[in-house]
Visitor: 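Just dropping this structure here.
Sequence lines set the chain letters: A, B, ... in the order given, protein chains first and strands last, and positions in each chain run from 1. Since we're looking at a predicted model, the values are computed, not measured.
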Number of protein chains: 2
Amino acid sequence: MLSDDKPFSNVTIKDVAKVAGVSHATVSRVINNTTKVADDKRERILDAMDRLGYVPNMQARSLAGGRTKVIGLLVPDIGNGYTGTIIEGIDAELSAHDYDMMLYTTHHRKVKEPIYVQSLTQGMAAGLLLLLPVDPSAYLEGLRRKKFPYVVIDHQGFDNFSSTVGATNRQGVYDGITYLIELGHRRIGFVSGPDMMSCSMERLAGYRAVLNDQGISYDDRLIVPGNHTQLGGYKACVQLLDLEKPPSAIFAANDVSAFGVIDAARARGMHIPDDISIMGFDDIPQAGWMTPALTTVRQPLFAMGRQAAKMLFEFIEEPKGPMRRLQLSTELVIRETCARFKDI
Amino acid sequence: MLSDDKPFSNVTIKDVAKVAGVSHATVSRVINNTTKVADDKRERILDAMDRLGYVPNMQARSLAGGRTKVIGLLVPDIGNGYTGTIIEGIDAELSAHDYDMMLYTTHHRKVKEPIYVQSLTQGMAAGLLLLLPVDPSAYLEGLRRKKFPYVVIDHQGFDNFSSTVGATNRQGVYDGITYLIELGHRRIGFVSGPDMMSCSMERLAGYRAVLNDQGISYDDRLIVPGNHTQLGGYKACVQLLDLEKPPSAIFAANDVSAFGVIDAARARGMHIPDDISIMGFDDIPQAGWMTPALTTVRQPLFAMGRQAAKMLFEFIEEPKGPMRRLQLSTELVIRETCARFKDI
DNA sequence: TACTTTCATGAAAACGTGTTCATATTGACG
DNA sequence: CGTCAATATGAACACGTTTTCATGAAAGTA
């Protein structure tokens, strides 16, 4: 067994060809199933590949114009449950198709995005998954012209030509706030996300819409930026509690900032949900683990990742396929951080 | 500006050469700083690269034998805080060095590892980071012979030739159990991890050692497999509580299984920590978020990832450098899930 | 000026694969 | 048996880069 002697001898298609007594072109044909190859030769080639422990060289393959079985994934950051859960969903679908993943972290740095995209589309990847892109205008146009398969996750509204997977942000907040109103709350604080993210805008729109529909007066001092971070949530909550007439309930635009809100409320000696009701958005894993467990609007992160990957594969199959926009529905998850309004 | 006209025209080194009026070899020299190039030509080349929006083709570069600025990362799975936090640490160091990451998820499937490693070492990656490899014997030998830079994270003991980064698993458990004993506990359950992981064995060894040192009788019915999963922890806890003389405290070999233990205890109507003390290992982010917050042995996951990447870069610089083994120290994080033993 | 030495630069080969094109071989049909 | 169509296969080129090698020019020395 040669493979035992030299496990990393970088055996190439030509080595296989020599052993099997054919040309390397024929080996390539067997690998890719492009044309008919005589049964005996095919047999010999397969056998030689096995004996030599042949592993195709991805770089050469993609350089020569072949399929790569790699998809590129651009994310703003890693580590928090949000990105992690989505990646998990993507990964599930990818490995079902035997694809691998090239992961690029932009660290929210706008400049990096176009370069990464450019590099990925030069043959490295068969398709692209963009999570929460900051400023895609620079390259989306080019991707489309190239008919390069890509799907945008959780960012909608910057154009109408990209296929996207998202959640019903507006409706989700609408449902959540409606629930708070049903509990008797009238002054409801809103800790918003980054302005430049369209999901932030949609969530805020949901807040505004429900107040309007229910005829509740709108006070813009109740809307405070939280930037989707725990610290941001903390500061926002402090600001809200310092108001002359503080809210009896606070809706945070994502779970992470809701954690900050809870920290701040507790720092004031408040009990949750007795003294104040708090609701988040996302339902990341840790939302269910804390005590009291966070009432939140569930965004199906795993499913979003999975669906996006699934959609991407359809485009890889059929690059001219029609644009698609998928909105997975959110769901209000009632746990323990919201209670009926008690006048003090 | 050509770059505005054709953002994705795949401009190559030859295009740059033509515009600058030199040969493509010279362009390559400028890019890689290999030999002196006349100042005026260098200037023209840089200018042309900028105007055309040149982005090097990774595949071609690695195929031709150049440096890749990519490191390969093999992980068993994603999504849970454990892997996520380590990846975050790795990512921090990588982006500081301007490197990118090729992520492979083995999904605990043993067969996949050698193929991935083979593929990565064929020029795709400059180095390899192996997180919790299952059966590295198949390829580590080859990596070493090739002098291919790699670092193993959180798996020690399978050989003495690989550079590794880990934590003081044994000492961590020793400290944790000592604390439980100080609280008065004598019957302490242990929910163990997978047998084949050496960190599991070390943690179990720490448990045995402290009992021995403190002269506490050892009862092997108190050791139950939990497999590092939440469900496994749940089942293990059920088994422990069903014992004739159930433990007054349970140490779970990792946080995720501790969550399962807590679920099971609560399902029995027990209060934590009043009725039973529970301690975990890892200190993944969600350990601090839950209520009551989990008392656990902190494993510096972020730092482990970061240090591993740092070490890998040293090997990439100097492939013949000496093997290194780094053990980062664990730390007992006392929160709310452990209380003084109360006889009933 | 003539000869050697240095050195920047272009031509060309290499990396491993996919693919086109021509050719040898087979088979069929009259 | 001869001609033509069909088809499997090998030779050669392409992909974009790095690197070696040879060459020409410039520079230095006598």
Visitor: How many angstroms lie between atom CD1 of B/Ile71 and atom OH of B/Tyr150, to the nearest 0.5 angstrom?
Guide: 15.0 Å
Visitor: Does a side chain donor of either B/Tyr139 or B/Glu113 reach within less than 3.5 Å of an acceptor in the other side chain?
Guide: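 Distance-only check passes for B/Tyr139 and B/Glu113.
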Visitor: Report the residue (B/Gly21 or B/Ala60) whose heavy-atom-nearest nucleotide on DNA chain C is the more 5′ of the two.
Guide: B/Gly21
Visitor: Whole Å only: how far is the CG atom of A/Leu63 from the C1' atom of C/dG18?
Guide: 10 Å
Visitor: Does A/Glu93 use its side chain to pair, donor to acceptor, with the backbone of A/Phe313 at less than 3.5 Å?
Guide: no
Visitor: Could you point out which residue of B/Thr26, B/Leu46, B/Val27, B/Val22 forms a side chain to side chain contact (heavy atoms under 4.5 Å, CB included) with B/Val16?
Guide: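 Considering B/Thr26, B/Leu46, B/Val27, B/Val22, a side chain to side chain contact (heavy atoms under 4.5 Å, CB included) with B/Val16 is found only for B/Val27.
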Visitor: Name the one of B/Thr83, B/Leu73, B/Ile78 that satisfies side chain to side chain contact (heavy atoms under 4.5 Å, CB included) with B/Thr105?
Guide: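 Among B/Thr83, B/Leu73, B/Ile78, the one that satisfies the side chain to side chain contact (heavy atoms under 4.5 Å, CB included) with B/Thr105 is B/Ile78.
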Visitor: Heavy atom of residues 22-36 of chain A under 4.0 Å from DNA chain D: which residues?
Guide: A/Val22, A/Ser23, A/His24, A/Ala25, A/Thr26, A/Arg29, A/Lys36
Visitor: I need the CG-C1' distance between A/Asn10 and C/dG16, as an integer number of Å.
Guide: 10 Å
Visitor: If you measure from CG on A/Leu103 to CE on B/Met101, what distance do you get to the nearest 0.5 Å?
Guide: 6.0 Å
Visitor: What contact category does B/Lys41 fall into here, base, sugar-phosphate, or nothing, at under 4.0 angstrom with non-hydrogen atoms?
Guide: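 Contact class for B/Lys41: sugar-phosphate only.
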Visitor: Between CZ of A/Arg61 and CG of A/Asn32, what distance do you get to the nearest 0.5 Å?
Guide: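 Reported value, rounded in 0.5 Å steps: 5.5 Å.
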Visitor: Of all nucleotides in DNA chain D with an atom under 4.0 Å from a non-hydrogen atom of chain B, which is the first and which the last going 5' to 3'?
Guide: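 So the outermost contacting nucleotides come out as D/dG16 to D/dT20.
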Visitor: Before accepting this row, confirm whether a basic side-chain N of the pair B/Glu141/B/Arg145 lies closer than 4.0 Å to the acidic partner's carboxylate O.
Guide: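 Between B/Arg145 and B/Glu141 there is a salt bridge, with a charged N closer than 4.0 Å to a carboxylate O.
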